[in-house]
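Just below is one structure, and these are the notes that go with it.
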Amino acid sequence: MNQKAYAAAGVDIDLGNQVKAGLPQLLASTRRREVLGQVGGFGGLFALDVKKFRQPVLVSSMDGVGTKLKLAFAMGRHDTVGQDLVNHCVNDIAVLGAEPLFFLDYIGTGRLEPRVFDELVRGFATGCRENHCALIGGETAQMPGFYQDGEYDLSGTIVGVVEKTAILDGKGIRAGDAIIGLASSGLHTNGYSLARKIFFERMNLRPDSMVPGLAGTIGDELLKVHVSYGPTVQAVLKKFRGHRDIKGLAHITGGGFIDNIPRVLPKKCNAVIRKGSWEAPPIFSLLAAQGGVEEAELYQVFNMGIGMTMVVSTDKADAVLKFIRARKHSAWIIGEITRGTGIAKVI
């Protein structure tokens, strides 16, 4: 049987249908009771339970994985970046106090590889399941000639909900409040263009290179999954929010401390972060020692071992810290709020 013309041009619709055949069973593990219909329609259906809220506010965000994908391509591992994407998006709405409801993904590639597609979607499903978030749909685009061979791009969109009166907007932040930092697993999904330049050009390493001080290869270290703080944030808010003790949160992504923390600061407050007040993963010491990068820039590019910051009332800081640690998540008091002009400083 002759090959179809569209497949000969690089877009195999039959292959696309074949690899998607197992999606309903895989995505069933992420299903919430509010999900209506089945995957494969023109749109995903989600019936929000408005009885749980007085004034429900939907919160949405979207993001990608960035050049961390280059590591996935080089190592032939695609089971983590989908999870990275979900967790990043969950964190972005968690800082507003929102719980995730549903997630949609986009995969763009030149040629659809069944194994790669399966690993990616399994990563999405794992991330959604662990965050109690339904994976209700997505889009897979085959675009021959648009991507380099063996490469693809990912993006994701998340929708969550928060009670209007419970939105975390940072307005209650005052001088004297404490800043708690929650540990990251490593670079998460930011700073990879610079990290790749340092490790693979400046240091001439390969993804499979072993580096003293690291538990595995440099590739394994760089592919560590972006931590989801969503469940921990929801638990903290449930326990402490009634006293207005949790003032504001910042997801430490691209821009590091310097650009992300000011997004939740009142204009008359500064955030002072104290270096050495937390235990950073060894990869950040390696970047600092080998990168030839000014220290101030490191804290504006990388998370430096802190993936989320939480501004809390000083008198509740120890209790919040103890609660977070009881959930088996490393955290420290890393700074405080002072009077200022709405900036973050690392000293």
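When reading the values below, keep in mind they use all heavy atoms of this one structure, side chains included, and skip hydrogens, waters and symmetry mates.
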[Y] and [X] aromatic ring geometry - parallel, tilted or perpendicular at 30°/60° bounds:
| X | Y | result |
| --- | --- | --- |
| His226 | His188 | parallel |
| Tyr229 | His251 | perpendicular |
| Phe103 | Phe124 | tilted |

Any salt bridge between Asp318 and Lys322, counting N to O under 4.0 Å?
no

Flag for [Y]-[X]: side-chain donor and acceptor within less than 3.5 Å:
| X | Y | value |
| --- | --- | --- |
| Tyr152 | His78 | yes |
| Asp12 | Gln142 | no |
| His88 | Thr189 | yes |
| Asn303 | Asn190 | no |
| Asn270 | Thr338 | no |

Between Thr309 and the options Ile261, Leu249, Asn260, Val264, the side chain to side chain contact (heavy atoms under 4.5 Å, CB included) test singles out Ile261

**Prompt:** Any chance CZ of Arg129 has more than 12 other-residue heavy atoms, nucleotides or ligands included, within less than 6.0 Å?
**Reply:** yes

Exercise. Could you tell me whether Arg263 atom CZ has more than 12 heavy atoms of other residues or ligands within 6.0 Å of it?
Key: no

Original post:
What do the steps show when you test Tyr299 against Lys275 for side chain to side chain contact (heavy atoms under 4.5 Å, CB included), and what is the final call?
Top reply: CA-CA 10 Å; Tyr299 286 88; Lys275 290 180 290 187; 3.3 Å; yes

Open item on the list: Before you tell me yes or no, could you show the steps for Val95 and Asn91 under side chain to side chain contact (heavy atoms under 4.5 Å, CB included), namely the whole-Å CA-CA distance, both residues' side-chain angles and the distance that decides it to 0.1 Å?
Closed with: CA-CA 6 Å; Val95 299; Asn91 292 340; 5.9 Å; no

